[in-house]
K.L.:
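Got a structure for you, written out below as structure tokens; questions coming shortly.
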Amino acid sequence: MSKQTIVEYATRLGDDALILGHRLSEWCSNGPFLEEDIATINTSLDYIGRARMFLSYAAELEGAGRTEDDLAYTRDCRDFKNLLINELPRGDFAFTTVRQFLVDAFNLFFFEALVGSTDTQLAAIAAKSVKESRYHLRRSRDWMLRLGDGTEESHRRTQTALDDLWGYTDELFHMDPLESELLDTGVAVDRAAVRLRWEPLVTELIDAATLQLPQPYTLPGGGRQGVHTEHLGHLLAELQFVQRAYPGLQW
Amino acid sequence: MSKQTIVEYATRLGDDALILGHRLSEWCSNGPFLEEDIATINTSLDYIGRARMFLSYAAELEGAGRTEDDLAYTRDCRDFKNLLINELPRGDFAFTTVRQFLVDAFNLFFFEALVGSTDTQLAAIAAKSVKESRYHLRRSRDWMLRLGDGTEESHRRTQTALDDLWGYTDELFHMDPLESELLDTGVAVDRAAVRLRWEPLVTELIDAATLQLPQPYTLPGGGRQGVHTEHLGHLLAELQFVQRAYPGLQW
Amino acid sequence: MAQRQTEQDLERRFQARVDAEEKIEPKDWMPAAYRKTLIRQISQHAHSEVVGMQPEGNWITRAPSLRRKAVLLAKVQDEAGHGLYLYSAAETLGTTREELVEALHRGKAKYSSIFNYPTLTWADIGAVGWLVDGAAIINQVALQRTSYGPYARAMIRICKEESFHQRQGYEIMLALAKGSAQQKAMAQDALNRFWWPSLMMFGPNDDESPNSAQSMKWKIKRKSNDQLRQEFVDQTVPQIEVLGLELPDPKLRWNEARGHYDFGAIDWEEFYRVIKGNGPCNRQRLQHHIKAERDGDWVREAMRAYEDKRRGREAA
Amino acid sequence: MAQRQTEQDLERRFQARVDAEEKIEPKDWMPAAYRKTLIRQISQHAHSEVVGMQPEGNWITRAPSLRRKAVLLAKVQDEAGHGLYLYSAAETLGTTREELVEALHRGKAKYSSIFNYPTLTWADIGAVGWLVDGAAIINQVALQRTSYGPYARAMIRICKEESFHQRQGYEIMLALAKGSAQQKAMAQDALNRFWWPSLMMFGPNDDESPNSAQSMKWKIKRKSNDQLRQEFVDQTVPQIEVLGLELPDPKLRWNEARGHYDFGAIDWEEFYRVIKGNGPCNRQRLQHHIKAERDGDWVREAMRAYEDKRRGREAA
């Protein structure tokens, strides 16, 4: 179990947080009302902070003199390893809410498990992330209920978002050889076990929100192999512009 | 009248064409129907072609070994010299139509005048651009009539677009010292004279389209000094990404 | 009896004309199944041209040079034009573009599933131009001799432009393959991702494709899927070698006895998953096409309203 | 007579309380004009905090390092929070946030016109943080002693965070000014473009500002526009020297006799043009704010509908 596999694992978790943090930050000044703008920026801040911790750990462990910013600003989309659900455009408030709910529920159980990692740095980041995810999940559950069981229009938009997002949830639970190897050594989390906790919570809340569980379908993953949607490239063009246009400087 | 002033003049005209060409190209596969998609892509092609002629002439005249691509892909927004009306986001079909109509009408008269430039290269580009602008203007006039005098909704959208765009038209006719100097030597066009032809055509068509001439107001120009709207930076992050991420290569 | 009799006569005379390589024209009698197959095939081809504008359109704003941007814009414009020809060819069979697009939106009609793969890098635009247009040309050259007149004529016209597009795609790959290490890696990566989907463009194996035989009998289809696929492989492997890129399939090897390249097994499970709608971009492509139409509703309504007013004014 | 009498008594007793530096609280009697001036001033301040999220939000997605991105996100979040305090402070005067936002959308209420200038480069975020928050602090420090209690308390709380923001803005300028030639030029360019608009933030000259005098009498406003402006200049010029940037105004010079920096004339024609609505971003800011609210209509309706259902269930 080489150090390099933990570098890869930390990079994956860092990219997940960075890319979703970016999508959340796009809501700034665009929220349905001021209090919600503040809450969404706050969630974005948690994700960007988490991304910094994972990416700086990956860079440090890699030992090639790279920094969290080198990872965030100088890799092209084929070298990013985030799961596809995180990179999808923010869509309307229903799409952002449903995505956040599906990911918050996953993150709560995932980080609760990661707290037990044999890698102390990952466990420490996980401990902070559990607290954040608990708070995020409480918020996104409330919003799922308000939108699902609100008006005809909010119900329709939320059901559409759920149907569009459902195919991307499978990738959350996929264990590839790298993570299976790290699971055996107690570093990584068993995503299949997370699914056992995730599914009942999600199906129960979908029901409470008077929504239909989507017809099961699965879209190809690929995020861990750098095979992304067409959206990530446009996101990175925006995120990386200043470091690309003025390379090798301090900011 | 140094060569450098003609380089600047050609760069201005090249940036005008490049940035509007980019906005038009964003309609690709997003048009209201297939024939319109084709026509808008065609207009975008004309503008990109025109931009290449002006920018390669500017680069050649500058004699510093730069190319049309160096100008297009390695300048940041403060060094771009396009007029602001060209960089505004494409908006809905009404906004794109009204902008195109206002700019097509200007371009027809501007390039008809530029054909008489003492600079043979500028005159040659102008000759080609006149033919294109005549065709573009015929198309945008037809659309102004259809949208202005179509349905209540198309009328409302078109009037809103006209009101939002009107403040940006003044910059089309502003003569700064550089262009005044070039006017004296027969190189540049007298934009004030263009206004005398532009205004009647525009006011008459606005009336025919049952639209109201907006309350006159003027927004600060700044494009010629590199003082742009916040939209240009985001546009350039997209346009320039590949050359910024993989600098100094042939494509 | 009599009625069925003439039906059989008509059918026999129709088949004789097809066998004699005569072109069937819109006004000629044709079996209902022939018309239905043609409408399905021509509309699928038209939808493919139009949906294909999305993956290529994805890189117009980021094309890495102004020349490449202009070339790509012109290519996508041509493809939209091909879509128009093909919709008109289909309309000669008594359907309307609105009906065909409606079927596309309801998931009833298909488009070439190669466009359900994302264009992730600029090299993908090279690969799509080179491989996808290459496969399309092989398909369309055969279709130039299809029995239905309007479709054959459309194919002749489209083929000219497609080969031009293919050369432009290959030119992009050449520039990348001969460029920096990063550019070469980008080209290899695009080849690796688009190789198998390009082979899948030719459809299921002959023994698997249900309506192939009948189409061959009606000379709608002049060569079988496997024949066309083999032609594509044989044409493309030497081009890969010129590029100096690694073969994307370890089993790709020249078979002297067969006089063709052997290649590995196609992952038909992925083929059917993508056809069923679960490829990477199926939903995105369809939602994009539907949104463009919906956003244009008010524009088309305004056109109609203006036309009515104008006609009203002229009549008055 | 009697009625007017008590009105004058109330007014006299109110002015005596103000002169005695007592805080006026929501439930206390206050002249209608005092209430009106406060609502206008507090709501303008609240709108400024909220509209100010746009020019800074413009760079969150392009912040050049993750640390800067986090710091900028936190700053914009604080400003949104300031907006909330101030709307609540205004509501203690009997208005509602909806009414105040409605007035903003109809162009009846204003926000600080510095936010009608575009943030074109990352250095602009440094300049906005350093100069705009710097000017805001000078205004707000004075307002901590404003006569109206809720407004004063809001100012005390906001000022702490503003000075933290100002330091962050200055830190960006420092990093750029000490960086590469391009970075230093970017910082100089931002300073040049935001210098005069920052001076304009303090409003017209004293002899020009209509309601200044009355506000001073009511101790809503504790220092005049020109005094505050001079404080800002005196505070900022030394900071420019530490940055090693050129002074953005050739007339800026220390005046030993006055004990202040002299500076050139402000372009009041531009000041009034921007206030009237014809600055670079006036329309954009307002349309952006209106669009965010409109896009959120269905969300707020869903919240209300859900609340009603819940209350209905609980009552049953």
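Throughout, protein chains are lettered first and strands after them, A, B, ... in sequence-line order, and every chain is numbered starting at 1. Small disclaimer: the values here were computed from a predicted structure and weren't measured.
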K.L.:
Please report the closest heavy-atom contact between C:Tyr306 and B:Asp149, naming both atoms and the distance.
P.N.:
CD1-O, 3.6 Å
K.L.:
Answer with side chain, backbone, both or neither: which region of B:Arg244 has an atom nearer than 4.5 Å to a non-hydrogen atom of chain C?
P.N.:
neither
K.L.:
Let me confirm one number: the CD-CD distance from B:Glu152 to C:Glu301, rounded to the nearest 0.5 Å.
P.N.:
11.5 Å
K.L.:
Quick check on B:Tyr73 against chain C: is it the side chain, the backbone, both or neither that has a heavy atom closer than 4.5 Å?
P.N.:
side chain
K.L.:
For B:Arg156, look at atom CZ and say whether over 12 heavy atoms of other residues, nucleotides or ligands are found less than 6.0 Å away.
P.N.:
yes
K.L.:
So which of B:Arg157, B:Glu35, B:Gln243 has the biggest tally of heavy-atom pairs under 4.5 Å with chain C?
P.N.:
B:Arg157
K.L.:
Does any heavy atom of chain B fall under 4.5 Å from the side chain of C:Arg97, the backbone, both, or neither of them?
P.N.:
side chain
K.L.:
B:Ala39 versus chain C, heavy atoms under 4.5 Å apart: side chain, backbone, both or neither?
P.N.:
neither
K.L.:
Minimum heavy-atom separation for C:Leu73 to B:Ile48, with atom names?
P.N.:
CD1-CG1, 4.0 Å
K.L.:
Atom SG in B:Cys28, atom CD in C:Glu79: separation rounded to 0.5 Å?
P.N.:
9.0 Å
K.L.:
Relative to chain B, which of C:Met186, C:His288, C:Lys178 shows the most heavy atom pairs under 4.5 Å?
P.N.:
C:His288
K.L.:
Where does C:Gln77 contact chain B at under 4.5 Å (heavy atoms): side chain, backbone, both or neither?
P.N.:
both
K.L.:
Considering residues, nucleotides and ligands other than B:Gln250, do more than 12 of their heavy atoms fall under 6.0 Å from its CD?
P.N.:
no
K.L.:
Is it the backbone or the side chain of B:Asp37 that comes under 4.5 Å from a heavy atom of chain C, or both, or neither?
P.N.:
side chain
K.L.:
If every non-hydrogen atom of B:Ser29 is compared with every non-hydrogen atom of C:Met53, which pair is closest and at what distance?
P.N.:
N-CE, 4.0 Å
K.L.:
Can you tell me which of C:Ala74, C:Ala80, C:Gly296, C:Ala175 forms the most heavy-atom pairs within a distance under 4.5 Å of chain B?
P.N.:
C:Ala80
K.L.:
In terms of heavy-atom proximity below 4.5 Å to chain B, should C:Arg62 be classed as side chain, backbone, both, or neither?
P.N.:
both
K.L.:
Between B:Glu68 and chain C, with a heavy-atom cut-off of 4.5 Å, which part of the residue counts as in contact: side chain, backbone, both or neither?
P.N.:
both
K.L.:
When rounded to the nearest 0.5 angstrom, what is the spacing between CG in B:Asn30 and NZ in C:Lys291?
P.N.:
7.5 Å
K.L.:
Contact between B:Trp251 and C:Gln183 at the side-chain level, heavy atoms closer than 4.5 Å - yes or no?
P.N.:
yes
K.L.:
Between chain B and each of C:Gln54, C:Arg67, C:Glu307, count heavy-atom pairs under 4.5 Å; write down the option with the most.
P.N.:
C:Arg67
K.L.:
What part of B:Leu145 is in contact with chain C, defined as an atom under 4.5 angstrom from a non-hydrogen atom: side chain, backbone, both or neither?
P.N.:
both
K.L.:
When only pairs under 4.5 Å are counted, which of C:Gly126, C:Gly83, C:Ser65, C:Ala305 shares the most heavy-atom pairs with chain B?
P.N.:
C:Ser65
K.L.:
Side chain, backbone, both or neither: which part of C:Glu171 has a heavy atom under 4.5 Å from chain B?
P.N.:
neither
K.L.:
Side chain, backbone, both or neither: which part of C:Leu176 has an atom under 4.5 Å from a heavy atom of chain B?
P.N.:
side chain
K.L.:
Where does B:Leu34 contact chain C at under 4.5 Å (heavy atoms): side chain, backbone, both or neither?
P.N.:
both
K.L.:
Looking at C:Lys309 and B:Gly150, what are the two nearest heavy atoms and their distance?
P.N.:
NZ-O, 3.0 Å
K.L.:
Without swapping roles, check the side chain of C:Asp295 against the backbone of B:Pro32 for a donor-acceptor pair under 3.5 Å.
P.N.:
no
K.L.:
Closest heavy-atom contact between B:Glu26 and C:Thr61?
P.N.:
CG-CG2, 4.0 Å
K.L.:
Please state whether the side chain, the backbone, both or neither of B:Trp27 comes within less than 4.5 Å of a heavy atom of chain C.
P.N.:
neither
K.L.:
If we define contacts as heavy-atom pairs under 4.5 Å, which of B:Asp92, B:Val242, B:Asn42 has the most with chain C?
P.N.:
B:Asn42
K.L.:
Heavy atoms, side chains only, cut-off 4.5 Å: are B:His22 and C:Ile60 in contact?
P.N.:
no
K.L.:
Could you tell me the separation between the CG atom of B:Leu45 and the NZ atom of C:Lys69, rounded to the nearest 0.5 Å?
P.N.:
11.0 Å
K.L.:
Taking side chain as C-beta onward, heavy atoms only, is C:Met303 less than 4.5 Å from B:Phe33?
P.N.:
yes
K.L.:
Locate the shortest heavy-atom distance separating C:Ala70 from B:Arg52; write the atom from each residue and the value.
P.N.:
CB-NH1, 4.5 Å
